[in-house]
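Data first, discussion second: the structure below is written as structure tokens.
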Amino acid sequence: QVQLVESGGGSVQAGGSLRLSCAASGRSFSRSVMGWFRQASGKEREFVAAVRWSGFVTYYGDSVKGRFTISRDNAENTVYLQMNSLKSEDTAVYYCAATANYYGSSPYHTSEYPYWGQGTQVTVSS
């Protein structure tokens, strides 16, 4: 059974930092893209960032470029999201997600990800 378990959410003031972690288990993710999405209250789920198996190819949503960094530790089956210079508009539930074996080049859409975590709340106060 595939499990994605997020941790590291919480409350922080604007300008602060948080690091989210996602521990994956239950199958091999050696050909998967690992991603983060977020969903603010009353809004659609939004792509944040993703990383390919190598760890060298990354993708970011426009609203987080230059502030957030995604990385992965394949030995630990864990993906991280370092969030710096947080803004109030970053407030949302953050979800970790994984594709099946992925050979495409546009892992921006929720439909690409069959595996999801339960989410962790991030609240940024101004």
Side-chain angles (χ1 to χ4, degrees):
Q1 181 181 356
V2 173
Q3 279 195 311
L4 302 178
V5 181
E6 302 100 336
S7 60
S11 297
V12 65
Q13 289 196 329
S17 298
L18 283 174
R19 188 173 86 149
L20 305 183
S21 301
C22 172
S25 62
R27 61 158 279 159
S28 170
F29 294 96
S30 63
R31 293 292 182 266
S32 298
V33 167
M34 304 294 294
W36 289 94
F37 289 75
R38 67 186 182 187
Q39 189 166 17
S41 179
K43 295 189 176 181
E44 293 189 354
R45 197 163 293 191
E46 173 191 23
F47 173 78
V48 176
V51 59
R52 299 189 83 101
W53 163 251
S54 68
F56 296 117
V57 179
T58 56
Y59 310 83
Y60 292 96
D62 288 341
S63 61
V64 306
K65 282 180 183 175
R67 300 188 298 122
F68 290 12
T69 302
I70 189 170
S71 60
R72 65 192 288 173
D73 181 339
N74 291 324
E76 298 292 330
N77 268 352
T78 301
V79 62
Y80 303 97
L81 185 68
Q82 177 66 44
M83 305 185 295
N84 298 329
S85 301
L86 283 161
K87 305 175 181 179
S88 57
E89 51 263 45
D90 294 318
T91 295
V93 177
Y94 283 70
Y95 296 91
C96 177
T99 68
N101 293 350
Y102 186 82
Y103 303 101
S105 59
S106 301
Y108 302 108
H109 306 290
T110 57
S111 58
E112 301 279 10
Y113 297 81
Y115 307 111
W116 291 85
Q118 292 299 307
T120 185
Q121 176 71 45
V122 171
T123 302
V124 184
S125 57
S126 56

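Of all the heavy atoms in Ser126 and Ser88, the pair that sits closest is CB-CB, 4.4 Å. The shortest non-hydrogen separation linking Ala40 to Ala92 is N-CB, 3.7 Å. Taking each heavy atom of Ser17 and Ser85 in turn, the nearest pair found is OG-N, 4.4 Å.
Expressed to the nearest 0.5 Å, how far CD of Glu6 lies from OG of Ser21 amounts to 10.5 Å. Ser28 OG to Asn77 CG: the interatomic distance, rounded to the nearest 0.5 Å, is 7.5 Å. Rounded to the nearest 0.5 angstrom, Arg45 CZ and Tyr94 OH are separated by 13.0 Å. Rounded to the nearest 0.5 Å, atoms OH (Tyr115) and CG (Leu4) are 9.5 Å apart. Annotation: the span from Tyr102 atom OH to Ser32 atom OG amounts to 11.5 Å, rounded to 0.5 Å. Note that CZ of Phe68 and CE of Met83 are 5.5 Å apart. Values are rounded to the nearest 0.5 Å.
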Could you walk me through whether Tyr103 and Arg31 satisfy the side chain to side chain donor-acceptor pair (under 3.5 Å) test, starting with their C-alpha distance in whole Å, then the side-chain angles of each, then the deciding distance to 0.1 Å, before giving a yes or no? CA-CA 8 Å; Tyr103 303 101; Arg31 293 292 182 266; 4.7 Å; no

Take Asp73 and Thr78 through the test side chain to side chain donor-acceptor pair (under 3.5 Å) and record every step on the way to the result. CA-CA 5 Å; Asp73 181 339; Thr78 301; over 6 Å; no

Evaluate Ser63 against Glu46 for side-chain contact (heavy atoms from CB on, under 4.5 Å), listing each step before the verdict. CA-CA 10 Å; Ser63 61; Glu46 173 191 23; 3.4 Å; yes

Going through the distances and angles, do Val124 and Val122 end up as a side-chain contact (heavy atoms from CB on, under 4.5 Å)? CA-CA 7 Å; Val124 184; Val122 171; 4.2 Å; yes

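Put simply, the side chain of Phe29 reaches to within 4.5 Å of the side chain of Val2, judged on heavy atoms. Side-chain contact between Tyr95 and Thr120: absent, with no pair of heavy atoms (C-beta onward) separated by less than 4.5 Å. The shortest distance between side-chain heavy atoms of Tyr108 and Val48 does not fall below 4.5 Å. With a 4.5 Å cut-off on side-chain heavy atoms, Val79 and Val51 count as touching. Contact of the Trp116 side chain with the Thr110 side chain is registered, since non-hydrogen atoms from C-beta on lie closer than 4.5 Å. Here the side chains of Gln82 and Asn84 are in contact, with some heavy-atom distance below 4.5 Å. Counting only heavy atoms from C-beta outward, the side chains of Val12 and Thr123 never approach each other to under 4.5 Å. At least one side-chain heavy atom of Leu20 sits under 4.5 Å from a side-chain heavy atom of Trp36.
Taking the six-membered ring where tryptophan is involved, the planes of Phe37 and Phe47 are perpendicular, since the angle between them exceeds 60° and thus also 30°.
In this structure, Arg52 forms no cation-pi arrangement with Phe56, as its terminal cationic atom is not both closer than 6.0 Å to the ring centre and no more than 45° off the ring axis.
Every residue meeting the side chain to side chain donor-acceptor pair (under 3.5 Å) condition with Asp90, not counting sequence neighbours, appears here in chain and number order: Arg38, Arg67.
Leu18 is connected to Leu81 through a chain of hydrophobic side-chain contacts under 4.5 Å among Ile, Leu, Val, Met, Phe, Trp and Tyr, so both are in one cluster. Under a hydrophobic clustering in which Ile, Leu, Val, Met, Phe, Trp and Tyr are joined whenever their side-chain heavy atoms come within less than 4.5 Å, directly or via other members, Val57 and Trp53 fall into different clusters. One hydrophobic cluster holds both Tyr60 and Met34 under the rule that ILVMFWY side chains link at heavy-atom gaps under 4.5 Å.
The main-chain N or O of Pro107 is found under 3.5 Å from a side-chain atom of Tyr113 such that the two form a donor-acceptor pair.
Other residues, nucleotides and ligands place more than 12 heavy atoms under 6.0 Å from the CD atom of Glu89. Summarising the local packing, CD of Gln118 is surrounded by 12 or fewer heavy atoms from other residues, nucleotides or ligands at distances under 6.0 Å.
No side-chain N or O of Glu76 forms a donor-acceptor pair with one of Asn74 less than 3.5 Å apart.
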